[in-house]
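Just so you know, ligand 1 is whichever comes first in the structure, and atom 1 is the first atom listed for that ligand.
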Amino acid sequence: MRLFDGMTVENGELNISGVGVSELKAQYGTPLYVYDENMLVNQCRTFINNFKSSRFSTEVLFASKAFSCLEVLRIANREGLGVDVVSLGEIHTAYKAGYDMRRAYFHGNNKTREELQYALEVGVGTIVIDNNYEYEMINKIVRESGNTVDVLLRINTGIDAHTHEYIKTAKDDSKFGYSVYDETIYDLIADINNQSNLNFVGFHSHIGSQIFEKTSFFEAVKVVMEFTRRVQERLGLTISVLNLGGGFGVYYTEEDRPFELAEFLREYIEVVERESDNFGLDLTKVVIEPGRSLTCNAGSTLYSVGGVKKTFAGREYVFVDGGMADNPRYALYKAKYEAMLANKMNEEADATYTVAGKCCESGDMLVMDAKLPRAEQGDLLLVSSTGAYNYSMSSNYNRLPKLPVVFVKDGTSRLVVKGETLEDLIRQDI
Ligand code: LLP
């Protein structure tokens with residue numbers, strides 16, 4: 001069980017950035033998402049300070065699918081990150097957070113007319129084209145609007161990164177992007193490049209998520225750059241921008257071995273510079289777009305323990321007041337987490353429990369075989385590293401209201417997303 005920067009223990013109780021968990025419960029109730037704001041800011045700075053080159057400009061985008069709400073986007077914006085958006089809702093949230101939308105990249109494999117029109121209306125700077133169908137539509141809508149927009153083409157490098165099947169994105173039969181091995185891609189690029197309203201600047205590639213092997217990223221750089229050179233030679237054009245995606249693996253449990261981020265980013269830049277020389281490229285900008293690695297470890301979910309139950313077969317369950325509605329990642333990916341009894345931090349963790357939620361579904365688990373002190377009703381249970389893809393993938397299953405989100409910083413806490421009320425749950429019902 002790992003205590004992250006900013007987590008301390010005072011009189012047996014877990015504090016996050018100087019705020020005790022019992023105080024958080026008293027003020028906001030449980031279940032609750034809690035983020036350490038200093039950690040969020042530090043992660044942004046680690047990316048910005050280390051992913052930079054004297055040879056070309058660099059841009060770090062926040063992949064807002066990991067955790068999109070106004071306040072986190074205000075922070076990312078203030079810290080100098082651009083933003084990756086994939087839907088009307090993500091565009092709207094970034095726009096309302098005050099983002100300079102020229103720094104927004106609009107991704108997705110099936111953008112709708114409505115989304116594209118809104119993107120142009122709010123001034124999204126770059127649209128990332130996924131396929132021919134999209135290209136036709138984007139071209140038409142941009143022409144109708146009379147605007148010009150920068151476009152990237154999403155390419156698929158076929159790199160098989162070692163991660164969960166559902167979060168790999170660059171295998172040859174993945175739904176994302178256009179394969180660099182498909183000969184028809186050159187005609188498509190030539191066509192895009194000929195459109196006066198589309199300013200074709202380069203390529204985007206993202207090979208998957210929660211990847212620990214540096215070599216997967218470095219290999220992808222090579223394939224992308226080799227392809228870029230081929231395109232330049234065959235079509236006689238100059239590619240100036242490469243967006244290399246996100247996917248940097250983070251710690252959830254001791255089984256995960258993430259690389260040291262700052263060091264990796266510096267090495268990554270070196271690889272990009274070297275390969276760009278090898279392939280004779282003249283890039284003006286290189287972009288990356290982390291999501292999970294920016295927000296995951298900064299966030300935790302605080303629950304209250306209800307029942308503790310031993311089954312006839314011998315398994316001991318700790319039931320908490322949330323579950324798969326606020327964290328569907330075990331149900332979806334068998335994702336592993338660490339848990340702690342946040343009010344019993346000095347007690348020996350000599351019991352083994354399965355932490356389960358309150359939803360009517362057997363798969364509603366949060367942590368299998370968690371080592372905890374003896375648990376009882378009223379204990380506070382904290383699951384760490386829930387800061388990415390938890391709030392954003394949460395649901396109202398069993399009509400559970402979505403949780404509030406609180407940011408803590410140096411002894412103070414503030415609500416940044418209100419929890420849903422019962423009235424919110426039926427607001428759209430007719
Ligand atoms: N860029 C693109 C185009 C992406 O599709 C993604 C993630 C990212 C950047 C950010 O990747 P990250 O740095 O967060 O790994 N729901 C899954 C994760 C899906 C990731 C989808 N794309 C989960 O809970 O693990």
Side-chain angles (χ1 to χ4, degrees), residues 40 43-44 46-47 51 59-68 72 76 81-87 90 94 104-111 126-131 134 152-157 159 161-171 174-178 203-213 216-217 220 224 242-253 256 258-259 261 264-265 268 286-299 301 324 326-337 366 383 385-395:
L40 281 175
Q43 285 304 91
C44 292
T46 300
F47 273 101
F51 193 74
E59 193 169 20
V60 179
L61 313 181
F62 170 38
S64 66
K65 70 206 79 182
F67 173 39
S68 172
V72 75
L81 282 77
V83 65
D84 150 3
V85 287
V86 296
S87 68
E90 286 184 3
Y105 288 65
F106 184 19
H107 287 285
N109 64 304
N110 192 24
K111 303 172 190 72
T126 308
I127 298 178
V128 184
I129 299 172
D130 184 89
N131 54 59
E134 258 194 19
L152 294 173
L153 176 66
R154 179 163 184 169
I155 55 173
N156 184 339
T157 55
I159 301 271
H162 298 268
T163 187
H164 191 286
E165 197 61 30
Y166 293 177
I167 50 184
K168 280 179 184 174
T169 50
K171 287 199 319 178
S174 151
K175 73 169 183 167
F176 296 107
Y178 214 103
F203 299 114
H204 167 261
S205 156
H206 170 79
I207 57 172
S209 198
Q210 186 62 351
I211 296 167
F212 294 115
E213 276 151 72
S216 299
F217 295 106
V224 169
L242 293 180
N243 178 337
L244 300 169
F248 317 119
V250 306
Y251 180 99
Y252 285 91
T253 72
D256 301 318
F259 33 72
L261 189 60
F264 165 73
L265 291 167
Y268 201 16
V286 175
V287 184
I288 52 172
E289 45 192 20
R292 192 189 313 269
S293 49
L294 278 167
T295 64
C296 185
N297 296 143
T301 315
M324 66 188 290
D326 63 75
N327 183 358
R329 296 191 70 260
Y330 176 81
L332 271 173
Y333 318 119
K334 298 257 176 297
K336 294 187 176 166
Y337 286 94
L366 292 174
V383 177
S385 301
T386 60
Y389 302 110
N390 287 53
Y391 170 78
S392 59
M393 295 204 300
S394 61
S395 76

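Atoms of ligand 1 lying under 4.0 Å from any heavy atom of Asp84, numbered from 1 in the order shown and given with element: 1 (N), 2 (C), 9 (C). The contact set between ligand 1 and Met393, taken as ligand atoms under 4.0 Å from a residue heavy atom, comprises 16 (N), 24 (O). Close contacts between ligand 1 and His204 involve ligand atoms 3 (C) [criterion: under 4.0 Å to a heavy atom]. Every atom of ligand 1 with a heavy atom of Tyr333 under 4.0 Å away is listed here by number and element: 16 (N), 17 (C), 23 (C), 24 (O), 25 (O). Close contacts between ligand 1 and Arg154 involve ligand atoms 3 (C) [criterion: under 4.0 Å to a heavy atom]. Interface of Ala63 with ligand 1, defined as ligand atoms under 4.0 Å from a residue heavy atom, comprises 8 (C), 9 (C), 10 (C).
If you look at Phe212 and Phe248, their ring centroids are not closer than 6.0 Å.
Note on ligand 1: Pro290 sits in its first shell, one or more heavy atoms being nearer than 4.0 Å. Judged by the shortest distance from any of its heavy atoms, Phe176 lies outside the 4.0 Å radius around the atoms of ligand 1.
Between the side chains of Ser209 and Arg292, at least one donor N or O lies within less than 3.5 Å of an accepting N or O. A donor-acceptor contact under 3.5 angstrom links the side chains of Thr386 and Thr301, judged on distance only.
Tyr389 meets the ring-ring contact (aromatic ring centres under 6.0 Å, His included) test with no other residue; sequence neighbours excluded. Taking Glu59 as the reference, Arg103, Lys285 meet the salt bridge (Lys or Arg N to Asp or Glu O under 4.0 Å) condition, with sequence neighbours excluded.
With Asn243 as reference, Glu289 is the one residue of Glu289, His206, Arg154 to meet the side chain to side chain donor-acceptor pair (under 3.5 Å) rule.
Checked against a 3.5 angstrom limit, the closest N/O atoms of Gly208 and ligand 1 fall outside it. The shortest N/O to N/O separation between Arg329 and ligand 1 falls below 3.5 Å.
Using a 30° and 60° split on the angle between ring planes, Phe51 and Tyr268 fall in the tilted class, from 30° to 60°.
Nearest to atom 11 (O) of ligand 1 by heavy atom, out of His206, Lys65, Arg292, His107, is His206. Distances from atom 12 (P) of ligand 1 to the heavy atoms of Gly247, Gly249, Pro328, Ala388 put Gly247 nearest.
For Lys111 and Phe106, the positive end sits near the middle of the six-membered ring, less than 6.0 Å away and at most 45° from its axis.
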